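Have a look at the structure below before the remarks.
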Amino acid sequence: MRLELDAGNTRIKWRTVDEAGEVGGDDFAAALTQQMIAMDKVSTVWVSSVHEQQNQWIKQQCPNAQFAQSQVSKNGLSNSYEDPHKMGVDRWLAMLAAWTRQPDNAHLIIDAGTALTMDIVDAFGRHVGGYICPGLGLMKDSLLGATSRVHAKDDWLIGRAPGENTQMCVDHGILDLVVSWIEKHKALQPEANVWLTGGAAPLLIQLFEKPVIHEPHLVLDGLRTYFE
Ligand SMILES: Nc1ncnc2c1ncn2[C@@H]1O[C@H](COP(=O)(O)OP(=O)(O)O)[C@@H](O)[C@H]1O
Ligand SMILES: CC(C)(COP(=O)(O)O)[C@@H](O)C(=O)NCCC(=O)O
Ligand SMILES: [K+]
């Protein structure tokens with residue numbers, strides 16, 4: 001059985017693959033505690049990690065873990081970073097998955113996790129560049145943390161209309177900001193596929209007028225392309 005891990009700054013997503021099929025979840029540590037994974041049957045472990053402190057722990061749990069690294073190029077996709085290793089491997093693998101699935105197409109890849117990232121790939125497979133912004137949770141937390149009269153629950157009111165109370169102003173404000181930003185980049189590259197992944201993707205996906213591909217496992221899919 002193969003185990004695939006995606007260690008982000010909030011949590012470690014996991015997936016096991018064997019003849020019986022695939023099983024996965026959002027919290028690898030909890031899956032271990034609850035003995036949801038037959039670790040004695042795991043022969044191969046592929047890891048995407050952007051969380052340095054977690055790597056030692058992952059190696060303790062899985063001594064044979066193989067860690068992916070961002071590359072200069074692969075499958076016709078090329079990295080714009082002068083030093084590709086400085087790019088978070090989750091970003092590289094998400095791009096690699098999108099590009100390999102639909103080569104010769106331009107792509108916008110958005111990962112709404114702890115951070116909110118966008119990476120732009122042109123139809124020649126060149127990484128044009130990207131953006132790293134605070135994720136939706138961070139935007140909200142930092143706003144509430146730095147103000148005394150702005151209060152809102154952690155749960156989100158989903159919408160883009162101007163707000164008529166504090167919670168609505170905060171939630172719709174952040175969601176409209178993010179969706180407008182993505183739509184702006186789609187308008188600049190109308191032929192590009194738009195991919196959305198990450199923990200906050202289900203919140204955002206409801207708000208687009210044009211088609212967006214929601215792919216929760218884009219980073220794990222990229223791991224397969226990387227190692228296979
Ligand atoms: N139910 C939810 N509603 C809104 N946002 C969520 C929810 N679950 C997770 N998130 C957001 O997604 C982030 C975690 O997503 P994830 O892609 O796993 O992040 P990372 O890869 O950085 O660990 C959280 O920081 C939070 O902003
Ligand atoms: C931008 C990120 C923090 C995103 O990680 P996440 O929000 O998914 O935990 C991660 O890709 C990272 O640490 N990157 C290193 C810097 C860079 O990509 O340039
Ligand atoms: K991530």
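As the structure lists them, so they are numbered: ligands from 1, and atoms in each ligand from 1. Below, each value reflects all heavy atoms present in this structure, side chains not excepted, and no hydrogens, waters or symmetry copies. Nothing here was measured: the structure is a model prediction, and the numbers come from that model.
For atom 2 (C) of ligand 2, the closest non-hydrogen atom on the protein side is Ala115 CB, 4.4 Å. Taking atom 8 (O) of ligand 2 as the reference point, the nearest protein heavy-atom neighbour is Asp90 OD2, 3.0 Å. If you check which protein heavy atom lies closest to atom 12 (C) of ligand 2, you get Gly88 CA, 4.0 Å. Taking atom 13 (O) of ligand 2 as the reference point, the nearest protein heavy-atom neighbour is Val50 CB, 4.0 Å. Ranking protein heavy atoms by distance to atom 19 (O) of ligand 2, first place goes to Tyr81 OH, 2.6 Å.
Each of Gly8, Asn9, Thr10, Arg11, Lys13, Gly113, Thr114, Gly137, Trp156, Gly198, Gly199, Ala200, Leu203 has a non-hydrogen atom positioned under 4.0 Å from some atom of ligand 1.
Between Glu22 and Arg224 there is a salt bridge, since at least one side-chain N of the basic residue sits less than 4.0 Å from a carboxylate O of the acidic one. Ion pairing of Glu183 with Arg160 is present here, as a side-chain N (NZ or NE/NH1/NH2) and a carboxylate O approach within less than 4.0 Å. A salt bridge links Lys140 and Asp171; the closest N-O separation between the charged side-chain nitrogens and carboxylate oxygens is under 4.0 Å. Of the charged side-chain nitrogens involved, none lies within less than 4.0 Å of a carboxylate oxygen, so that Lys13 and Asp27 do not count as a salt-bridged pair. Using a 4.0 Å cut-off between a side-chain N of Lys or Arg and a carboxylate O of Asp or Glu, Asp6 and Arg11 do not qualify as a salt bridge.
Residue Gly8 has no nitrogen or oxygen atom sitting less than 3.5 Å from a nitrogen or oxygen atom of ligand 2, judged on distance alone. Looking at ligand 2, you won't find any N or O of Thr10 less than 3.5 Å from one of its N or O atoms.
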Q) Would Thr44 and Glu4 satisfy side-chain contact (heavy atoms from CB on, under 4.5 Å), going step by step from the backbone distance to the final call? A) CA-CA 8 Å; Thr44 305; Glu4 301 169 347; over 6 Å; no
(Q) Could you walk me through whether Ile120 and His127 satisfy the side-chain contact (heavy atoms from CB on, under 4.5 Å) test, starting with their C-alpha distance in whole Å, then the side-chain angles of each, then the deciding distance to 0.1 Å, before giving a yes or no? (A) CA-CA 6 Å; Ile120 304 173; His127 176 232; 5.7 Å; no
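Between Phe67 and Trp46, the gap from one ring centroid to the other reaches at least 6.0 Å.
Of all N/O/S atoms in Asp90, OD2 sits nearest the K ion (ligand 3).
Here Asp111 reaches the K ion (ligand 3): one of its N/O/S atoms is less than 3.4 Å from the metal.
Linking Ile, Leu, Val, Met, Phe, Trp and Tyr residues whenever their side-chain heavy atoms come within less than 4.5 Å leaves Leu203 and Ile213 in two separate clusters. Met118 and Leu93 fall into different hydrophobic clusters, defined by Ile, Leu, Val, Met, Phe, Trp and Tyr side-chain heavy atoms under 4.5 Å apart, directly or through other members.
Residue Met87 has at least one heavy-atom neighbour below 4.0 Å for each of these atoms of ligand 2: 17 (C), 18 (O). Taking a cut-off of under 4.0 Å to the non-hydrogen atoms of Arg91, the atoms of ligand 2 that pass are 11 (O), 17 (C), 18 (O), 19 (O).
With a 4.0 Å heavy-atom cut-off, ligand 2 is reached by the side chain of Thr117 but not by its N, CA, C or O. For Asn9, heavy-atom contacts with ligand 2 shorter than 4.0 Å involve the backbone as well as the side chain. Counting heavy atoms closer than 4.0 Å to ligand 2, residue Lys86 contributes backbone atoms (N, CA, C, O) but none from C-beta onward. By the criterion of a heavy-atom distance under 4.0 Å, the side chain of Ile132, and not its backbone, is placed next to ligand 2.
When each of Ile205, Ile174, Leu204 is tested with Val179 by the rule side-chain contact (heavy atoms from CB on, under 4.5 Å), just one qualifies, namely Leu204.
Residue pairs that meet the side chain to side chain donor-acceptor pair (under 3.5 Å) test with at least one member in residues 185-210, sequence neighbours left out, are Gln102-Asn193, His107-Trp195.
Side chains of Gln71 and Trp92: a donor-acceptor N/O pair is present below 3.5 angstrom, by distance only.
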